[in-house]
Amino acid sequence: MRWYGSLRRAAHIAQVRRRGRRVSLPTLSAYGLAASGGASEIGITVSKALGSAVCRNLVRRRIRGALDELGPAQPAPARLLLVARPPAAQVPYRQLAADVAAAVAQLARR
RNA sequence: AAAGGCCGCCGGGCAGUCGCGCGUCCAGGGGACGUGAGGAAAGUCCGGGCUUCACCGGGCAGCGUGCAGGAUAACGUCCUGUCGGGGCAACUCGAAGGAAAGUGCCACAGAAACAAACCGCCGGGCAAAACCGGCAAGGGUGAAAUCGGGAGGUAAGAGCUCCCGGAGCGUCGCGGCGACGCGCGCUCGGGUAAACCCCACGCGAAGCAAGAUCGCUCGAAAGGGAUGGUUCGCCGUCCCGGACGGCCCGUCCGAACGAGCUACAUCGCACCGAGGCGCCCGGUAACGGUCGCCCCAGAGAGAUGGCUGCCGCCGCGCAAGCGGUACAGAAUCCGGCUUACAGGCGGCCUUUGCAC
RNA sequence: GCGCCCGUAGCGUAGCUGGAUAACGCGCGGCCCUCCGAAGGCUGAGAUCGGGGGUUCGAAUCCCUCCGGGCGUA
């Protein structure tokens with residue numbers, strides 16, 4: 001079982017993007033907002049600027065894989081939005097995973 | 001053996017670890033089992049299934065197709081042929097109906113671009129010319145100049161005649177279902193229809209965000225005019241109005257629903273189909289048929305995966321090793337077309353060389 | 001999904017319908033003018049007409065097919 005759910009509602013995404021704290025790294029931007037309770041919800045955005053559908057799928061799955069590696073030992077539940085930036089398509093997996101971990105950690109520190 | 005042609009197929013494998021969607025079963029926050037991208041899922045260039053609207057029929061417009069026969073649910077697709085181009089050949093390519101129905105256009109050059117004669121040639125005239133008549137062989141222009149080459153013929157010439165070749169036409173003959181081929185006869189009349197057009201054939205429109213179901217809200221509930229008859233109940237004719245989602249004719253109607261929300265709901269939609277695989281039969285083939293087996297992705301913005309190791313394949317290198325492993329990601333479903341694609345496999349055929 | 005549009009000098013456009021000169025403005029280079037610059041005048045360069053194939057004597061234009069970009073709609 002994953003430690004997070006999927007951030008689906010357009011209204012929630014807009015709220016996180018507008019009011020959430022923001023962290024910028026070379027391969028991705030991240031927005032975070034504390035949630036009242038329950039499990040965390042995370043959304044991943046990969047725009048057309050990253051490349052073809054195959055390429056975008058790979059980036060999205062790698063980000064999800066990196067999140068799985070973080071494990072369930074996460075602090076308070078939150079709503080996160082991870083937006084991949086163009087360099088994410090060129091970089092090896094280890095570097096992308098490091099950025100994902102850093103982004104989540106910085107948002108959690110608050 | 002080399003070079004080439006055609007057809008079909010694959011397009012990574014194994015293990016570890018962390019995970020996901022759907023289905024079934026067990027089952028109190030989980031677990032077990034099964035299953036889970038492509039040959040192009042792509043581009044959206046065509047054709048259908050399905051759905052709603054229209055539907056009683058005809059015509060026009062519009063769009064598309066364009067050798068013949070066949071295959072198919074259908075097609076602009078496929079197969080087999082015909083004709084024409086390419087190749088020594090296997091084979092391959094072709095929007096391949098009509099220009100003696102009509103209209104338009106053919107720049108510049110050139111006398112002339114479809115109706116004719118500039119330089120010429122010949123005859124008359126004549127000292128020579130002007131001029132009159134005949135001719136279209138030669139020159140020149142051009143992308144293209146009245147079928148090409150040769151001979152006869154003639155004042156000079158001309159399909160005027162003959163031979164070879166080419167093209168078109170025919171109530172013609174033979175072969176073929178047919179396109180067409182061979183023969184005979186006649187004619188020889190520029191090009192362009194991916195210019196308008198003519199001919200033949202096909203097409204109702206929109207699309208799964210189609211549409212259907214449950215619940216709720218709102219709106220509208222239908223006739224009007226003229227005229228004739230009347231037993232004052234009403235009936236007939238004409239006009240206005242409405243429907244026939246391009247227009248017209250013709251037809252029908254004057255009564256019943258229409259719009260929106262819920263809505264990221266449920267169904268459509270994901271087990272049953274123009275379904276897949278295999279054997280056999282018919283057919284040159286596309287394809288069709290009998291029988292057997294199989295059930296085979298699917299949604300709340302979206303699962304089918306991430307990482308590591310080993311192996312395989314390719315390139316570089318003596319080696320250790322290093323680098324690479326294509327094109328590309330389902331969204332209503334099928335049949336095609338087109339485009340992209342590292343590398344590899346199988347079968348048949350052609351030409352040339354060598355050996356026997 | 002459906003229905004459309006555009007691609008021409010560095011930039012913005014015309015020419016396309018109906019075939020034969022690729023034109024205009026801004027910008028750029030040089031010269032003149034000025035003490036210098038702006039403005040102005042003269043002059044010059046700069047184009048695979050998005051790529052490929054076809055029709056035609058001839059294609060930016062017509063046809064087919066790819067590529068890139070944009071718009072509308074529910």
Side-chain angles (χ1 to χ4, degrees):
Chain A
M1 187 63 185
R2 276 185 172 151
W3 59 272
Y4 58 89
S6 204
L7 185 61
R8 290 205 164 92
R9 301 271 167 182
H12 295 166
I13 291 173
Q15 192 181 36
V16 171
R17 183 184 275 283
R18 204 167 46 247
R19 295 205 217 142
R21 283 171 44 86
R22 180 175 167 189
V23 171
S24 255
L25 294 169
T27 60
L28 58 89
S29 304
Y31 301 83
L33 202 61
S36 49
S40 291
E41 290 182 337
I42 301 182
I44 301 170
T45 298
V46 184
S47 84
K48 238 176 196 172
L50 273 288
S52 67
V54 174
C55 180
R56 299 197 302 273
N57 271 336
L58 179 65
V59 169
R60 177 168 45 79
R61 286 162 178 162
R62 278 179 161 175
I63 290 175
R64 213 177 345 239
L67 288 170
D68 290 342
E69 280 187 347
L70 291 180
Q74 290 304 310
R79 282 178 177 158
L80 304 179
L81 182 65
L82 305 180
V83 181
R85 310 175 74 181
Q90 318 296 332
V91 137
Y93 170 72
R94 278 289 130 225
Q95 191 175 338
L96 182 62
D99 279 359
V100 169
V104 172
Q106 285 183 36
L107 287 175
R109 207 166 39 231
R110 198 138 328 231

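The sequence lines fix the lettering, A, B, ..., with proteins before strands; numbering per chain opens at 1. What's counted below: heavy atoms across the whole structure, side chains too, no hydrogens, waters or symmetry copies.
In this entry the base of B:C327 is anti relative to its sugar, with a glycosidic angle more than 90° from 0. Taking 90° from 0 as the syn/anti boundary, the base of B:G233 is oriented syn. A syn orientation is assigned to B:G159, its glycosidic angle lying within 90° of 0. Because its glycosidic torsion is within 90° of 0, B:G39 is reported here as syn. Annotated as anti: B:A115, whose glycosidic dihedral deviates from 0 by more than 90°.
Among all heavy-atom pairs drawn from A:V59 and A:A84, the shortest one is CG1-CB, 4.0 Å.
Residue A:L28 holds its CG atom at 6.0 Å from CG of A:L82, rounded to the nearest 0.5 Å. Atoms CG and CD1, on A:D68 and A:I63 in that order, are 12.0 Å from each other to the nearest 0.5 Å. Taken to the nearest 0.5 Å, the CG atom of A:L67 stands 4.5 Å off from the CD1 atom of A:I42.
Taking atom CG of residue A:N57 and atom C1' of nucleotide B:A299, one finds them 15 Å apart after rounding to whole Å. Atom-to-atom, OH of A:Y93 to C1' of B:G19 comes out at 11 Å; the value is rounded to the nearest Å. The distance from atom CG of A:D68 to atom P of B:G306 is 12 Å, rounded to the nearest whole Å. At whole-Å resolution of the value, CG in A:L67 and C1' in B:C18 are 13 Å apart. Going from atom CD1 of A:I42 over to atom P of B:G19 covers 15 Å, rounded to whole Å. Atom CZ in A:R64 sits about 11 Å away from atom C1' in B:G21, given to the nearest Å. Remark: C1' of B:G302 and CD1 of A:I44 are 13 Å apart, rounded to the nearest angstrom.
A:R61 comes within contact range of at least one nucleobase, with a heavy-atom separation under 4.0 Å. The residue A:I63 sits apart from the nucleic acid: no heavy atom pair falls under 4.0 Å.
Here the separation of B:C63 from B:C67, taken at their C1' atoms, is 24 Å to the nearest Å. For C:A23 and C:A60, the C1' atoms lie 13 Å apart once the distance is rounded to whole Å. Taking atom C1' in both B:G138 and B:C122, one finds a spacing of 14 Å when rounded to whole Å. Between the P atoms of B:C341 and B:A303, the separation comes to 29 Å (whole Å). Annotation: B:C295 and B:C310 have their C1' atoms spaced 37 Å apart (nearest Å).
At B:C307, one or more side-chain N or O atoms of A:R62 fall inside 4.0 Å of OP1 or OP2 (strictly under the cut-off).
Residues A:A53 and A:R60 each lie close to RNA chain B; by heavy-atom proximity, the contact nearer the 5' end of the strand is made by A:R60.
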Any chance you could encode RNA chain C as dot-bracket? Rule is Watson-Crick or G-U wobble with both distances under 3.5 Å; [ ] for pairs crossing earlier ones, | for another strand.
(((((((..((((.........)))).(((((.......))))).....(((((.......)))))))))))).
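The nucleotide whose nearest atom lies closest to any side-chain atom of A:L58 is, among B:C307, B:G306, B:G329, B:G306.
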Salt bridge (Lys or Arg N to Asp or Glu O under 4.0 Å) between A:R94 and A:E69: does it pass, once the steps are laid out?
CA-CA 11 Å; A:R94 278 289 130 225; A:E69 280 187 347; 3.3 Å; yes
Report, one pair per line, the protein and nucleotides 323-327 of chain B atoms (nitrogen or oxygen only) whose separation is under 3.5 Å.
none

